[in-house]
2 protein chains.
Amino acid sequence: MPAGLGCAMAIINANTMTTRPRKPGRGRTRSTPSPWQASRERHRDRELKREAVIRAAAREFNRKGYHNTSLDDIAARLQITKPTVYYYVTSKEQLLFQCFIGGVEQIRAAFRAVEGRRAPARVRLNAVLRHYGEAVASDFGWCMVRAEDQDLSPAMSRHIKALKSEIDHGIRQLIHEGIQDGSIAPCDAKMAAFALAGALNWIAHWYRENQSLTGAQIASAFVAIFEGGLAPRPARRRAKPRAARGTSGA
Amino acid sequence: MPAGLGCAMAIINANTMTTRPRKPGRGRTRSTPSPWQASRERHRDRELKREAVIRAAAREFNRKGYHNTSLDDIAARLQITKPTVYYYVTSKEQLLFQCFIGGVEQIRAAFRAVEGRRAPARVRLNAVLRHYGEAVASDFGWCMVRAEDQDLSPAMSRHIKALKSEIDHGIRQLIHEGIQDGSIAPCDAKMAAFALAGALNWIAHWYRENQSLTGAQIASAFVAIFEGGLAPRPARRRAKPRAARGTSGA
DNA sequence: TAGGATATCTACTCATGAGTATGATGCATG
DNA sequence: CATGCATCATACTCATGAGTAGATATCCTA
């Protein structure tokens, strides 16, 4: 599991590293004079800075797109210079990759969270989808959904595809389970997973422009629509619930 | 209405322009010696080539992404050189813009097609969505959904945003009408439109990898899912069809 | 306090790719 | 046949931006 972006990064902000003289770990190092302690502190400091770099990159990519963002831009945002950025990451490509990981890990965590639950699959699915929506609306959301294979090395591209596939199959699995336990209507699980993920992924495209709702709120609204469906639910009983209506389209 | 990409372009292929000596309009020009006729033919020829350039660009953008595609690539694909491309378009940016227009016009046509219909709004909406899906799965689909504002001049960006907004409001309008005429269950039209468009837009992201289904087939599957909803349709009657279920999500 | 590791900067290299200047070719018209 | 226009190629310019070399400052440890 690469890179522990997540809880730690949620609390730091970009200018952590601008106030460099104020070495935060130093006092503690003095009180516990073990060199290992000091070394560990320094290492933590470095890790925090590295994460700040990645998050700053995510924000810039989000604003201007990957190709329209230069490493000088990212450095300027942190009030440092480009070589310093390269001190923490090996390439621009890796930056994008890490941003992707930062987003996708949130979604994987959502799956793990519902894994042992006894609730009906539809309820578990909804919980996952809500976290999914939050992840897409996060700093890393844009990178996660828009990271293009062509921008990454074959190895990274493969890694990302595997993670995406894992998430996709996780959703399908929940849908299958839901059909089994009766909490989800029989349907094409693959297509349903595509539709759900697509709708949620697309949040990243318009969330910047309109942040009046939180990611969770949007996801909840979507879930309600997905659950209920557009067709009115008739009060009268009906034998075959999902008869394909032959629309007279075009 | 800019650029009539569409039916005309559907029948030409890229190497139209490689067989240049075989001037197709010449014979007709001889039989009708009006200079206007000849001029018109030449103009048409030019327009065809221009559309071939745009379509070739769309295909390359689709394959490698906008920023990873050079104009030399596009030219090479047509077995011509870069200055020739510039003879037909003014800039790379304009190429992307035209590709976008090529896709979005298909969707606008779908709206016009159902405009006068008497059918229930849900039926009309479904027809539009099916065409929407086809457009997204077309050559221009990728450009249409992924054309980033940051890659275009402010003027073009504004134009594109206006067109996108028009489509969005068209969908919302159909949903509203559906709620009015009872063919669509009461819901948040804005959110529903976002969800529908998002799911369909996302087709562009995985359609290249897996073209086992046509765009229309995918759109139909999606429409079925959206209509029916994930929750099973109970045989027993129910008073409030869209009660917000308070999920015990995380 | 010397020496080494850590962290950062200034000042480069170098490839890429958008866009152009200019000339060649061919066709149509007068 | 000369002239003009349309079409296309060769061979450039030039800005941008990824990535690096090497110097410097700072702190930690011995």
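Just so it is clear, the structure is predicted and the values come from calculations on it, not from any experiment. Letters A, B, ... mirror the listed sequences (proteins, then strands); counts begin at 1.
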Point to revise | Any residue meeting side-chain contact (heavy atoms from CB on, under 4.5 Å) with Glu60(A), in chain and number order, not counting sequence neighbours | key: Arg63(A), Lys64(A), Thr69(A), Asp73(A), Ile74(A), Arg77(A)
Review point. OP1 or OP2 of dA9(D) sitting under 4.0 Å from any side-chain N/O of Thr81(B)?
Key: yes
Check your understanding: So, is Arg46(A) close to the dT6(C) phosphate, meaning a side-chain N or O under 4.0 Å from OP1 or OP2?
Key -> no
**Study point:** Residues Asp168(A) and Lys164(A) bridged, charged N to O under 4.0 Å
**Key:** no
Practice item. Say whether, by atom type as modelled, one donor and one acceptor occur between the side chain of Arg55(B) and the main chain of Arg50(B) under 3.5 angstrom. Key: no
**Study point:** Contact letters for nucleotides 11-17 of chain D, in which S counts primed atoms plus P, OP1 and OP2 and B counts the base, heavy atoms under 4.0 Å
**Key:** ------S
Study note, to complete from the structure: In whole angstroms, the gap separating P of dT10(D) from OH of Tyr86(B) amounts to 17 Å
Practice item. Please check the phosphate of dA7(C) (OP1 and OP2 only) for any side-chain N or O of Tyr88(A) closer than 4.0 Å. Key: no
Practice item. Give the rounded distance in Å between these two atoms: CD of Glu93(A) and P of dG19(D). Key: 8 Å
Revision key, fill the gap. Contacts of Asp151(B) meeting side-chain contact (heavy atoms from CB on, under 4.5 Å) (sequence neighbours excluded), chain-then-number -> Asn68(A), Tyr66(B), His67(B), Leu96(B), Glu148(B)
Practice item. Provide, to the nearest angstrom, the distance between the CG atom belonging to Leu78(A) and the C1' atom belonging to dT8(C). Key: 13 Å
Exercise for review: Establish, with yes or no, whether the OP1 or OP2 oxygen of dT8(C) is under 4.0 angstrom from a side-chain nitrogen or oxygen of Tyr87(A).
Suggested key: no
Exercise for review: Compute the centroid of each ring, for Phe194(B) and then for Trp202(A), and state whether the two points are separated by less than 6.0 Å.
Suggested key: no
Check your understanding: Do the side-chain N or O atoms of Lys49(B) get closer than 4.0 angstrom to the phosphate oxygens (OP1, OP2) of dT7(D)?
Key -> no
Review point. Can Arg46(B) be said to sit on top of Tyr87(B)'s aromatic six-ring, NZ or CZ under 6.0 Å from centre and within 45° of the ring axis?
Key: yes
Check your understanding: For the pair made of CD in Gln94(A) and C1' in dG19(D), what is the distance, rounded to whole Å?
Key -> 14 Å
Review point. Quick one: Ile80(B) CD1 to dT10(D) P, roughly how many Å, whole number?
Key: 12 Å
